[in-house]
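From a predicted model like this one, the values you see are computed outputs, not experimental measurements. The first residue in the sequence is number 1, and the count goes up from there.
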Amino acid sequence: YAGGAAAVCGLPGAGVPESPGGEGGRAMGELKRLLRYLGPYRKDLLIGALLVVVETCFELVIPVLMADLIDVGVANQDIDYVLHKGGQMGICALCALVTGLLYARFAARASYGWGAQVRRAQFAQVQRYSFANLDHFDAASLVTRMTTDVTVLQNAINGGFRPLVRSPIMLVMGVGLSFWMNARLAVIFIVCAPVLGAILFCIVRKVAPMYGKLQKAVDRLNNVVQENLTAIRAVKAFVRGEAEEERFQVVNSRLADTSKETFRWAVLNLPSLQLTMYTAIVLIMWFGGNMILDGDLLVGDLTGFLSYVFQVMNSMMMLSNVFLLLTRSLASVHRITQVLEEQPQITSPQDAVTQVADGSVDFEGVSFKYHADAQEYALSQVDLHIKAGQTVGILGGTGSAKSTLVQLIPRLYDATEGSVRVGGRDVREYDIHALRDAVGIVLQKNVLFSGTVEDNLRWGDAQAEEEQLWAACRVACADEFVSEMPGGLKSDLGQGGVNVSGGQKQRLCIARTLLKHPKVLIFDDSTSAVDTATEGKIRWELASLEGVTKIIIAQRITSVMNTDQIIILDDGKVHAVGTHQQLLERDPIYQEIYASQMKGGELHG
């Protein structure tokens, strides 16, 4: 099946190291790991296996009873014997039916329960990922691994566990009973069974690598669909519907072609079985008929023997289907295991500090790059010192690493070199939850969730009273539009906040962050969609927050000109630090920004 993570994900760094036993050993090791998530459903699976064994035994008795019915009852025209044996056959068939139905119940509980446990484990693991871990996986790929790949595993239990238990028993006992009935005819199995086994082995060997490619094709399809639905407004605004349809058609056709190529080989197991089975039947009928004519075989024995032929061949057919299911499921197992075994790059240390003393922030010789093998640093030798309670503005051109700088403070990424200190301690000494509770950040990309205004605000403080929610809205100037909404705080925002504008979304995100009562408050260009007058009100309200360090990334110079100090970033380096007046007097970059934005102003037009 498909090799490492690069082969499955198309991405570097997401791999799982191979075990000493090679791909086969690694695959089975990964499967054993996932089977641990059966938990309470392990009992259901064991009961299901026992029921399959009982069902198989009942079915194997029927051909023996049939042979007696024909050779004794029919041959001697003994109606009572025929009815007696027929009743025994009916009871065996009924018992097999009941045990089969009971198996279906327990197997369904085990498979769907297992799938739920595996999905929950994946989702919980993704929540522990740092941003660097998330860079290893496409969002669409993670969705596929939690849905389609888990469904493949569930189908493997539902459709494959019964034949996996039943087929070996049927094969061994069927061959044994056929030898017991007539050893000469059973030799035909010795010839036909290996031929069928060799054909099925070749099919499985051919199909196995194709399942990994099939899941990658599903990833690409999901990625296109997700991007289209997320950016549907842009698609319609630029009238790109037809282009998106063509893009979808490309990945959809690739998925269809990959599926056809995969199953073109997979379906060959049925004709292979039929060819071998009918060849065996013809040979048995030929040799068995001659033996009957010679008086060496009874008609009932031949009939029962043919029943075992069908059972043995069908068991081999079911085994081949199990191998195909297992082969496909192993590709999904590998993809799921990649998510579970991806080690979070940012974790809390032992004996972690759980209290942040104050809101002071210090960068000491900090350099950072997103990937270890990247040739250039996004940030280079940054030295900054921000006192607790200060308000600091950060300016810089596009790509100057402003967002990257502030993301190191709540430890969304770790500095590659140097140290970032909050409250006098290195951020790597803190418990992650304690640090991020003390650092509130309003990200550049504003995200609201499905639900009401109140539901979204309570992300900041789940226990906040209604008055506290309104107080946060007033500081963020969100009360102006929330109070006019039909339900107030109970108003539904729709999926992703589609019922509010960009500026309103920004203000709700600010209010949500304020409810955390952080010691460090970071605004990553968080008022870009807000009009100048409203932004001024927000700045005025924020100025009243005492003891909170405020870091404001902005494009407009009016957003930062009244701060305690302004930091100018240029190409990942600190270009200048000073107050508005100091920078206006001596820094050419700040002078250029000021002149371009404030031209026509009273003092420095």
- prompt: With distance as the sole test, does Gln122 use its side chain to make a donor-acceptor pair with the main-chain N or O of Arg145 at under 3.5 Å?
  reply: yes
field: Closest non-hydrogen atom pair between Thr99 and Glu55, with its separation
entry: OG1-CB, 3.2 Å
- request: Determine yes or no for a side-chain-to-main-chain donor-acceptor pair under 3.5 angstrom, with Lys369 supplying the side chain and Ala374 the backbone.
  value: yes
- prompt: Are any side-chain N or O atoms of Thr258 and backbone N or O atoms of Arg254, one a donor and one an acceptor, separated by less than 3.5 Å?
  reply: yes
- prompt: Listed by chain and number, what are the ring-ring contact (aromatic ring centres under 6.0 Å, His included) partners of Trp286, not counting sequence neighbours?
  reply: none
query: Do the charged groups of Arg247 and Glu244 touch, with an N to O distance under 4.0 Å?
result: yes
query: Can you name the ring-ring contact (aromatic ring centres under 6.0 Å, His included) partners of Phe449, sequence neighbours left out?
result: Trp459
message: Using only atom types and a distance under 3.5 Å, with no angle test, would you say the side chain of Asn76 pairs donor to acceptor with the backbone of Asp78?
response: no
query: Does Glu261 have any salt bridge (charged side-chain N to carboxylate O under 4.0 Å, His left out) partners at least two apart in sequence or in another chain, and if so, which?
result: Arg264
Nearest-0.5 Å distance that lies between atom CG in Asp219 and atom CG in Leu142: 9.0 Å
- line: So ring pair (Phe, Tyr, Trp, His ring centres under 6.0 Å) across residues 70-113, not counting sequence neighbours, yields none
message: Show the nearest heavy-atom pair for residues Leu38 and Ala110, with the distance to one decimal.
response: CD2-O, 4.2 Å
query: Excluding sequence neighbours, so at least two apart, what forms ring-ring contact (aromatic ring centres under 6.0 Å, His included) with Tyr413?
result: Phe131, Phe368, Tyr370
- line: Between Ser111 and Gln154 the two heavy atoms that sit nearest each other are O-CG, 3.5 Å
task: Taking the side chain as every heavy atom from C-beta outward, state whether Val126 and Met146 have any pair of such atoms under 4.5 Å apart.
output: yes
- prompt: Any side-chain heavy-atom pair from Arg436 and Leu412 closer than 4.5 angstrom?
  reply: yes
- line: d(Met210 CE, Thr262 OG1) to nearest 0.5 Å is 6.0 Å
- prompt: Can you list the residues that meet the side chain to side chain contact (heavy atoms under 4.5 Å, CB included) rule with Pro349, with sequence neighbours excluded?
  reply: Ala352
query: Can Thr452 and Asp492 be counted as having a side-chain donor-acceptor contact under 3.5 angstrom?
result: no
query: Any luck finding a side-chain donor-acceptor pair between Arg335 and Gln338 under 3.5 Å?
result: no
message: Could you measure the distance from the CG atom of Asp414 to the CD1 atom of Ile346? Nearest 0.5 Å is fine.
response: 4.0 Å
message: Do Leu214 and Ser259 make a side-chain contact, defined as non-hydrogen atoms from C-beta onward lying under 4.5 Å apart?
response: yes
query: For Asp149 and Val218, what are the C-alpha separation, side-chain angles and deciding distance, and is it a side chain to side chain contact (heavy atoms under 4.5 Å, CB included)?
result: CA-CA 10 Å; Asp149 285 311; Val218 174; over 6 Å; no
- prompt: Any ion pair linking Asp44 and Arg105 (charged N to carboxylate O, less than 4.0 Å)?
  reply: no
query: Counting distance only, does the side-chain N/O of Asp138 pair as donor-acceptor with the main-chain N or O of Ala140 below 3.5 Å?
result: no
- line: Here the pair of heavy atoms bringing Ala108 nearest to Asn158 is CA-OD1, 3.7 Å
query: When rounded to the nearest 0.5 angstrom, what distance separates CG in Asn133 from CD in Gln345?
result: 4.5 Å
query: How long is the gap from NZ on Lys43 to CZ on Arg109, to the nearest 0.5 Å?
result: 8.5 Å
Nearest atoms (heavy-atom pairs only) where Val82 meets Leu69: O-CD1, 3.6 Å
message: With heavy-atom distances below 4.5 Å as the criterion, would you say the side chains of Arg411 and Ser130 are in contact?
response: no
- request: Decide side chain to side chain contact (heavy atoms under 4.5 Å, CB included) for Met285 and Val282; before the verdict, give the C-alpha distance in whole Å, the side-chain angles of both, and the deciding distance to 0.1 Å.
  value: CA-CA 5 Å; Met285 293 293 288; Val282 169; 5.8 Å; no
- prompt: Less than 4.5 Å apart, any side-chain heavy atom of Arg458 and any of Arg512?
  reply: no
message: With a 6.0 Å cut-off (strictly less than), is the heavy-atom count around CD of Gln127, excluding the residue itself, greater than 12?
response: yes
task: Report yes if the side chains of Phe161 and Val165 come closer than 4.5 Å at any heavy-atom pair, otherwise no.
output: yes
query: Looking just at side-chain N and O atoms, do Thr337 and Glu341 make a donor-acceptor pair shorter than 3.5 Å?
result: no
- request: May I ask you to test the Ile336-Leu153 pair for a side-chain heavy-atom distance under 4.5 Å?
  value: yes
message: Distance check, rounded to the nearest 0.5 Å: Ile91 atom CD1 versus Leu94 atom CG?
response: 8.0 Å
- request: Report yes if the side chains of Ile157 and Trp114 come closer than 4.5 Å at any heavy-atom pair, otherwise no.
  value: yes
field: Qualifying residue, where the test is side-chain contact (heavy atoms from CB on, under 4.5 Å) with Tyr37 and the options are Gln117, Arg42, Arg120
entry: Gln117
Heavy-atom pair with the smallest gap, counting every atom of Ile62 and Cys92: CG1-CB, 3.9 Å
task: Show your working on side chain to side chain contact (heavy atoms under 4.5 Å, CB included) between Asn223 and Ser141 and close with a plain yes or no.
output: CA-CA 7 Å; Asn223 188 51; Ser141 179; over 6 Å; no
